[in-house]
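First the structure, in the form of structure tokens, and then the observations on it.
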Amino acid sequence: MDFLRNLFSQTLGLGSQKERLLDELSLEGVTRYMQSERCRRVICLVGAGISTSAGIPDFRSPTTGLYANLEKYHLPYPEAIFEISYFKKHPEPFFALAKELYPGQFKPTICHYFIRLLKEKGLLLRCYTQNIDTLERVAGLEPQDLVEAHGTFYTSHCISSSCRQEYSLSWMKEKIFSESIPTCEKCQSVVKPDIVFFGENLPPRFFSCMQSDFSKVDLLIIMGTSLQVQPFASLISKAPLSTPRLLINKEKTGQTDPFLGMMMGLGGGMDFDSKKAYRDVAWLGDCDQGCLALADLLGWKKELEDLVRKEHASIDAQSGSQAPNPNTTTSPKKSPPPAKEVARTKEKEEHQ
């Protein structure tokens, strides 16, 4: 009965108050809410779109996305490179791709450092990330700040259920860059980074934190994700019905058909445009520019730009490289246009 009660509460709004906390459904309205006493705990839900300006492709953009550029691996279909059943038989394509995308070759973006600012200002409850590039950690988030929903490269394990020997990041890096398939030193089975493939369970931490975090969140900030992969996509429905939700993305996403949502238990889809809209705001455009726009309204813009410059200089000094992120601009000549203007100009873009 508790399950059914919770299901109908989430999908139909029964037994819950839909209090409107935003005085305006805009970035300015979100800013004023963030500056109020009501907003103390922020959860960020992020995907590949926050790392594209670092030079890491997203997955689903029609021409530039990862899935559109895997022909050289001769896969039966693009998603196979991240399917555990295919990996066990043919690990070679994954490790070839891993060499191209290996953590440590890229610098965090403005989005990553905006999340760090939320932490430094005592507002970040948790960052839930779909990304496996570890840039949240590089940007200064601690393990307790993160839920790496799709796993991490930081550790690796033998795939044999009777062995499960653990290996370090440095061990895996040496194997990947020597272009040899990592095999277990104990049983000779393949060793896989602890990232979640299709067909594998999400880390237990995802579910334990979800249970404790979402009942008390005051604001969701969703950035750079198509919200197409479950169960991560369902997180937007876990917050209380009054909790405002800000989407910073190239296109609107997360809008669920009400009937389908009720039947599948995936209620709480985003509502930006209907007459009943009361808590969801979409800022459409580049994620870095969206974070700069929000930081500007909050009075944090210079602090954010200074943080990015300082941290990138430190990374460059450590690596001996002065090359900036390919598309990250920390000091635009003018502030990004208001959210409503961006929404009008970007609304028809079709790529994630």
Exercise. Are Leu304 and Phe114 close enough that some pair of their side-chain heavy atoms sits under 4.5 Å apart?
Worked result: yes
Exercise. Under 4.5 Å between any side-chain heavy atoms of Leu45 and Thr225, yes or no?
Worked result: no
Exercise. By salt bridge (charged side-chain N to carboxylate O under 4.0 Å, His left out), which residues pair with Glu303, not counting sequence neighbours?
Worked result: Lys121
For this session: Apply side-chain contact (heavy atoms from CB on, under 4.5 Å) to Leu118 and Cys44, showing your working.
Result: CA-CA 10 Å; Leu118 290 174; Cys44 294; 3.6 Å; yes
Seminar exercise, completed: Tightest non-hydrogen contact, residues Ile236 and Gly254, listed as CD1-O, 3.7 Å
For this session: Compare every heavy atom of Leu22 with every heavy atom of Val30, then report the nearest pair and how far apart it is.
Result: CA-CD2, 4.1 Å
Exercise. At their closest point, which heavy atom of Ile248 faces which heavy atom of Cys287, and how far apart are they?
Worked result: O-SG, 3.6 Å
Problem set entry | Spatial distance of atom NE2 (His90) from atom CG (Leu75) [nearest 0.5 Å] | 10.0 Å
Exercise. Is there a donor-acceptor pair closer than 3.5 Å between any side-chain N or O of Asp296 and the backbone N or O of Lys301?
Worked result: no
For this session: Walk me through it: do Glu92 and Ile181 pass the test side-chain contact (heavy atoms from CB on, under 4.5 Å)?
Result: CA-CA 7 Å; Glu92 297 84 4; Ile181 301 301; 4.0 Å; yes
For this session: With sequence neighbours left out, write down each residue that passes side-chain contact (heavy atoms from CB on, under 4.5 Å) with Pro76, or none if nothing qualifies.
Result: Ala80, Tyr86
Exercise. Which atom names give the shortest non-hydrogen contact between Ala98 and Ile176, and what distance separates them?
Worked result: CB-CD1, 3.9 Å
Exercise. Can you tell me how far OG of Ser156 sits from CD of Gln165, rounded to the nearest 0.5 angstrom?
Worked result: 11.5 Å
Seminar exercise, completed: Taking every heavy atom of Ser51 against every heavy atom of Asp133, the minimum-distance pair comes out as OG-OD2, 2.7 Å
For this session: Taking all non-hydrogen atoms of both residues into account, name the closest pair between Asp288 and Cys111 and its distance.
Result: OD1-N, 3.2 Å
Problem set entry | Side-chain touch Leu21/Arg279, heavy atoms, less than 4.5 angstrom | no
Exercise. Judged by modelled atom types alone, do Glu305 and Trp300 share a side-chain donor-acceptor pair under 3.5 Å?
Worked result: no
Exercise. What do the steps show when you test Ile222 against Met270 for side-chain contact (heavy atoms from CB on, under 4.5 Å), and what is the final call?
Worked result: CA-CA 11 Å; Ile222 304 137; Met270 308 287 276; 3.7 Å; yes
Seminar exercise, completed: Which of His112, Gln130, Glu136 passes side chain to side chain contact (heavy atoms under 4.5 Å, CB included) with Val46? It is Glu136
Exercise. Looking at Arg116 and Glu311, does any basic side-chain N land under 4.0 Å from a carboxylate oxygen?
Worked result: yes
Exercise. Taking C-beta and beyond as the side chain, do Lys88 and Val190 meet within less than 4.5 Å on heavy atoms?
Worked result: no
For this session: Indicate whether the side chain of Thr155 and that of Asp194 have a donor and an acceptor atom separated by less than 3.5 Å.
Result: yes
For this session: Examine distances only and state if a side-chain atom of Asp286 and a backbone atom of Gln289 form a donor-acceptor pair shorter than 3.5 Å.
Result: yes
Exercise. Side chains of Trp171 and Ser168: closer than 4.5 Å at any heavy-atom pair?
Worked result: yes
Exercise. Just checking, any donor-acceptor pair under 3.5 angstrom between side chains of Tyr77 and Glu83?
Worked result: yes
Problem set entry | Aromatic centroids of Tyr128 and His150 separated by under 6.0 Å | no
For this session: Please determine if Arg137 forms a cation-pi arrangement with Tyr154, meaning its NZ or CZ atom is less than 6.0 Å from the six-membered ring centre and no more than 45° off the ring axis.
Result: yes
Exercise. Below 4.5 Å, heavy atoms only, C-beta onward: do Thr134 and Thr152 meet side chain to side chain?
Worked result: yes
Problem set entry | Ionic contact status for Glu19 with Arg38, cut-off 4.0 Å | yes
Exercise. Rounded to the nearest 0.5 Å, how far apart are CG of Leu124 and CG of Leu141?
Worked result: 6.5 Å
For this session: Please work out whether the ring planes of Phe87 and Phe197 are parallel, tilted or perpendicular, with thresholds of 30° and 60°.
Result: perpendicular
Exercise. Out of curiosity, Ile159 CD1 to Glu200 CD, how far, rounded to the nearest 0.5 Å?
Worked result: 9.5 Å
Exercise. Is Lys310 salt-bridged to Asp306, going by a charged N under 4.0 Å from an acidic O?
Worked result: no
For this session: Could you give me the CA-CA distance, side-chain angles and deciding distance for Glu148 and Phe206, then say whether side-chain contact (heavy atoms from CB on, under 4.5 Å) is met?
Result: CA-CA 7 Å; Glu148 293 163 315; Phe206 173 85; over 6 Å; no
Exercise. Hey, are Asp213 and Arg41 close enough for a salt bridge, meaning a charged N less than 4.0 Å from a carboxylate O?
Worked result: no
Seminar exercise, completed: For Asp271, the side-chain contact (heavy atoms from CB on, under 4.5 Å) test, sequence neighbours excluded, returns Ser274, Lys276, Ala277, Asp280
For this session: State the CD1-CD distance between Ile115 and Glu120, to the nearest 0.5 angstrom.
Result: 12.5 Å
Problem set entry | Salt-bridge contact Arg40-Asp218 (side-chain N to carboxylate O under 4.0 Å) | no
Exercise. How many angstroms lie between atom NZ of Lys107 and atom OH of Tyr113, to the nearest 0.5 angstrom?
Worked result: 8.5 Å
